[in-house]
Amino acid sequence: MSKKLVFVVDDDPNMLRGVKRLLKEHGYDTRLFPSADDFQKHDDFAEAICVVLDINLSDESGIEVRHRLKAAGIGLPVIYITGKDNHATRMAAIESGCIAYLTKPFEAKSLMEPIERASAGCV
């Protein structure tokens with residue numbers, strides 16, 4: 001089990017590849033999920049330090065995915081990413097409980113800072 005594992009959920013293959021490459025450069029392993037459904041079929045959430053979760057997935061809202069995780073007692077720290085930022089979405093994301101909310105495109109350090117906090121157990 002890697003304590004440097006980050007789950008990434010995004011329906012954009014280019015975003016998945018880009019985040020994987022960035023995390024690898026910083027010494028993190030990734031498990032990639034191209035849909036909310038694939039992510040929710042996974043059963044070992046304890047192995048990851050956090051999840052990078054797209055809000056606008058083709059099959060479901062990332063915020064709804066977060067609510068279901070919480071309802072199931074899974075407290076995995078969440079970093080939301082979105083290409084469709086607006087006030088209502090931002091407020092819903094913050095209220096659902098997240099350690100970061102990033103709008104695409106984002107700078108590498110904007111993603112790495114909350115991941116480093118999660119890795120250090122500071123969330």
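Note that the numbering runs from 1 along the sequence shown for the chain. Note that these values count all heavy atoms, side chains included, but never hydrogens, waters or copies made by symmetry. Small disclaimer: the values here were computed from a predicted structure and weren't measured.
Tested against P114 for a side chain to side chain contact (heavy atoms under 4.5 Å, CB included), the candidates V78, I99, V52 yield a single pass: I99.
Applying the 6.0 Å contact sphere to CD of E107 captures no more than 12 heavy atoms from other residues, nucleotides or ligands. Heavy atoms of other residues, nucleotides or ligands lying less than 6.0 angstrom from NZ of K70 number more than 12.
A ring-centre distance under 6.0 Å is found for F39 and F45.
Ion pair K20/D29 not flagged as a salt bridge, since none of the NZ, NE, NH1 or NH2 atoms sits closer than 4.0 Å to an Asp/Glu carboxylate oxygen. Ion pairing of R68 with E60 is present here, as a side-chain N (NZ or NE/NH1/NH2) and a carboxylate O approach within less than 4.0 Å.
Here K4 contributes atom NZ and L23 contributes atom CG; the two are 10.0 Å apart, rounded to the nearest 0.5 Å. With values rounded to the nearest 0.5 angstrom, L57 atom CG is found 5.0 Å from D11 atom CG. Between the CG atom of L76 and the SG atom of C50 there is a distance of 7.0 Å, given to the nearest 0.5 Å. Atom NZ in K109 sits 11.5 Å away from atom NE2 in H26 (nearest 0.5 Å). Atoms CZ and CG, on F7 and D44 in that order, are 6.5 Å from each other to the nearest 0.5 Å. If you take CG on D12 and NZ on K104, they are separated by 6.0 Å, rounding to the nearest 0.5 Å.
Put simply, the side chain of E47 reaches to within 4.5 Å of the side chain of H42, judged on heavy atoms. No side-chain heavy atom of R17 sits less than 4.5 Å from a side-chain heavy atom of L22. In this structure, L111 and I79 have side chains that are in contact, with non-hydrogen atoms separated by less than 4.5 Å. L16 has its side chain out of reach of F33: every pair of non-hydrogen atoms, C-beta onward, lies at least 4.5 Å apart. Counting heavy atoms from C-beta outward, V51 and V8 have side chains that stay 4.5 Å or more apart.
Inspection of the D54 and Y80 side chains reveals no N or O donor paired with an N or O acceptor under 3.5 Å. Looking at D85 and T82, their side chains never bring a donor and an acceptor atom within 3.5 Å of each other.
Summarising the geometry of M15 relative to D10, their closest heavy-atom pair is CG-OD2, 3.2 Å, with the distance given to 0.1 Å. Contact between A93 and I63 at its shortest, heavy atoms only, is N-CD1, 3.7 Å. Closest non-hydrogen pair, R66 versus G97, comes out as NE-O, 2.9 Å.
No path of Ile, Leu, Val, Met, Phe, Trp and Tyr side chains, each step under 4.5 Å between heavy atoms, connects I81 with I94, placing them in separate hydrophobic clusters. Under the 4.5 Å side-chain heavy-atom criterion for grouping Ile, Leu, Val, Met, Phe, Trp and Tyr, I55 is connected to I74 within one hydrophobic cluster. Tracing side-chain contacts under 4.5 Å through hydrophobic residues (I, L, V, M, F, W, Y), one never reaches L102 starting from M91; they form parts of separate clusters.
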